[in-house]
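A short write-up of the structure that comes next.
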Amino acid sequence: MDSQTSQSSQASQSPQSPHTFQVDLRGLVDLLSHHLYSSPKVYLRELLQNAVDAITARRAEQPDAPARVRLYAEGETLRVEDTGVGLTEADVHNLLATIGRSSKRADGLQEARSDFLGQFGIGLLACFVVAERIRVVSRSARTPGAPPVEWTASDDGSYTVRTLPDEARPEPGTTVHLVARAGAREWLAPQRVLTLARDFGSLLPYDVRVGEEAVTDLPAPWDRPYPSPATRRVALARHCHELFGFTPLDAIDLDVPLAGIRGVAYVLPSAVSPAQHASHRVHLKGMLLTERAEQLLPDWAFFVRCVLDTDSLRPTASRESLYEDETLAAVRETLGERIRSWLTGLAAGDPERLAAFLSVHHLGVKSLARHDNEMLRTMLPWLPFETTDGRLSLEEFAQRHPVVHFTRTVEEYRQVAPIASAQGVGVINGGYTYDSELIEALPSVRPGTVVAELDTDTVTAHLDAVDPAEELALSGFLAAARAKLDPLGCDVVLRAFHPLSVPALHLDDRAARHEQARAEAEEQADDLWAGILGSLRGSAPRARLVLNHLNPLIRRISSLRDPELIGTATESLYGQALLMAQRPLRPADSALLNRAFIGLLEWATHGGSDSDSAGGGH
């Protein structure tokens with residue numbers, strides 16, 4: 001901005017004190033509107049903050065001073081009046097002309113710093129986001145004999161300062177006049193101003209009104225007296241619905257006096273993803289700072305939405321989020337402890353509400369319990385797990401089974417669950433998020449518990465062996481079957497197990513699948529990579545197709561004499577076992593299924609002589 005424009009003041013001043021902004025105002029307005037603030041609506045928060053700061057400063061010296069803020073919206077203009085400390089002409093130059101100078105630093109009020117919300121200069125200039133002209137008329141309460149002073153600024157960077165007659169502002173305080181810029185008139189509309197004022201200022205400690213409409217609504221819903229706990233729950237549920245749009249399962253008080261925090265956490269009534277960032281409403285000394293605070297709670301507490309008021313947390317430059325520092329980290333830990341205490345309280349005194357909560361949010365509690373042995377110990381009787389005995393808690397399952405077997409993947413569980421259950425082996429599905437970690441942590445909170453991962457050897461060991469003489473008699477059949485599946489990396493074994501309706505069981509583990517994937521990659525690789533992959537070949541166990549000797553179909557198939565028909569039948573059993581295990585099929589598996597199906601159709605449509613040559617085993 002050139003010096004001629006900056007010296008357009010009509011007020012008398014010394015040559016050593018020119019009127020000048022210390023930054024390019026047009027550039028600053030662009031920065032504020034397009035980069036610092038997320039929405040033009042923050043202009044109203046800045047106006048309210050300036051007014052509240054001014055009242056706070058006056059009351060520090062005059063405790064009985066009036067504390068009123070009035071907003072008058074008239075479509076294209078807005079007038080904001082406060083009964084605050086006011087400004088002298090010198091204050092105008094110091095606080096308005098010098099961008100970033102804060103009223104906190106003025107006149108020995110550093111000791112009251114914690115009572116102020118923002119920086120007066122920056123906050124006022126933020127109004128240029130919606131206004132083309134700002135006019136401030138102020139009279140100082142500290143200097144009663146000082147005349148009112150007027151500061152008028154335009155968005156082109158020019159401003160004027162002049163003194164006014166006493167009647168222009170008889171009482172101490174400040175009035176800010178805004179004239180809307182083109183395209184921003186909607187932000188100064190009366191209903192919009194009222195809505196924004198209530199959103200930002202409902203918890204402010206002073207009397208704030210838009211026209212005759214009250215803005216403040218104190219005490220806060222969580223601090224009000226209620227006839228009974230039930231009445232309070234209903235009132236807080238209504239408050240939650242107004243703020244967040246849902247009716248909560250419960251409300252958790254967040255009272256942390258040492259951190260200057262009062263508020264409530266509302267429990268979501270439906271499940272959400274742990275990866276979804278929770279947004280919380282944070283008021284700073286009564287003024288809404290942000291409704292999108294994401295770092296306020298520990299990550300595991302994704303099942304609640306908070307609204308609170310604080311005087312200890314530090315805002316970022318835009319005052320739209322929280323500054324990550326040691327104070328915020330301590331508050332996060334403390335609020336997490338409050339939510340943890342609420343859970344343990346439900347476990348001890350209200351199991352029905354806890355069960356209703358866990359039916360929706362068991363994942364969040366599991367996330368907490370895997371890092372917190374005390375929480376795991378508390379939740380053992382309540383957290384649900386999928387097991388071969390139905391949905392049970394770890395405590396119930398451990399009481400029923402001397403060894404707690406589990407699988408690490410849902411796929412492995414589906415393979416073995418029916419057979420293991422029939423053999424009396426209890427298995428927990430550890431394939432869901434956090435479950436295997438919690439199962440492995442069980443001995444640390446339940447001493448003496450034996451936990452073991454279920455593998456193919458364990459399952460096979462629990463299946464009854466076939467009489468050696470019978471197995472020897474079927475050696476030809478087994479040899480043909482093994483030869484057919486050997487290219488697929490699968491062995492064939494014969495066992496007797498229940499249920500009888502299962503003809504064959506496909507068993508493998510992660511080591512076998514890894515080796516199978518390595519072998520497939522080696523086949524498709526060039527010479528260099530094939531050599532590298534070949535050097536990685538391990539001694540991992542191969543997958544197994546376990547044939548059930550008790551199943552009538554297996555008995556008929558094992559009596560076949562035609563090696564080709566044995567191969568086709570074996571491929572069919574292999575494919576059916578894969579489907580029963582809900583395994584994803586590789587291209588080779590799909591081709592095998594198609595080939596076996598067509599082969600069986602061809603055999604079924606052959607003449608009687610062909611059937612007879614097969615030994616009559618059809």
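Contacts of R238 classified as side-chain hydrogen bond (donor to acceptor under 3.5 Å, both in side chains), with partners at least two apart in sequence or in another chain: none. Residues passing the salt bridge (charged side-chain N to carboxylate O under 4.0 Å, His left out) test with R370 are E437, sequence neighbours excluded.
In terms of modelled atom types and a separation under 3.5 Å, the side chain of S341 and the main chain of E337 share a donor-acceptor contact. R181 places a side-chain N or O within donor-acceptor distance of the main-chain N or O of F128, the cut-off being under 3.5 Å. Side chain of T216 to main chain of D207: no donor-acceptor pair is present (N/O by atom type, distance under 3.5 Å, no hydrogens or angles). Formation of a donor-acceptor pair under 3.5 Å by the S138 side chain with backbone atoms of L87 is found in this model. With hydrogens and angles ignored, the 3.5 Å screen pairs no side-chain donor or acceptor of T387 with any backbone N or O of V427. Listed for the R45 side chain is no donor-acceptor partner under 3.5 Å among the backbone atoms of M287.
In summary, the side chains of D53 and T56 do not present any donor paired with an acceptor at a separation below 3.5 Å, with no hydrogens or angles considered. A donor-acceptor pair shorter than 3.5 Å cannot be found between the side chains of T175 and R79.
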| query | Under the side-chain contact (heavy atoms from CB on, under 4.5 Å) criterion, do R133 and T152 qualify, and how do the steps go? | reply | CA-CA 7 Å; R133 188 168 71 255; T152 305; 4.1 Å; yes
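Salt bridge status for R198 with E213: present, with a side-chain N to carboxylate O gap under 4.0 Å. A salt bridge does not link R139 to E171: none of the charged nitrogens lies less than 4.0 Å from a carboxylate oxygen. With respect to R68 and D82, no salt bridge is recorded, no charged nitrogen being found less than 4.0 Å from a carboxylate O. A salt bridge does not link E396 with R391: none of the charged nitrogens is closer than 4.0 Å to a carboxylate oxygen.
Ring planes of Y266 and H239: tilted class, angle from 30 to 60°.
Between I55 and A67 the shortest heavy-atom distance is CG2-CB, 3.7 Å. In this structure, N429 and T409 approach most closely via the heavy-atom pair OD1-O, 3.9 Å. In terms of heavy-atom proximity, L268 sits nearest to F302 at CD1-O, 3.8 Å. Annotation for A265 and V304: closest pair CB-CB, 4.2 Å, computed over non-hydrogen atoms.
The list of ring-ring contact (aromatic ring centres under 6.0 Å, His included) pairs with a residue in residues 175-214, not counting sequence neighbours, is empty. Here ring-ring contact (aromatic ring centres under 6.0 Å, His included) pairs that include residues 336-362, with residues two or more places apart or in two chains, are F303-F357, F303-H361, W342-F357, F357-H361. Legend: ring-ring contact (aromatic ring centres under 6.0 Å, His included) pairs involving residues 366-389, not counting sequence neighbours: none detected. Applying the side chain to side chain donor-acceptor pair (under 3.5 Å) definition to pairs two or more places apart or across chains, none involves residues 240-249.
Here the rule is side chain to side chain donor-acceptor pair (under 3.5 Å) with R262, and of D309, D253, D255 only D255 fits it. Paired with E291 under the rule side chain to side chain donor-acceptor pair (under 3.5 Å), one option of H280, R281, H283 passes, and it is R281.
Taking 4.5 Å as the limit, some side-chain heavy atom of V80 sits within range of a side-chain heavy atom of V69.
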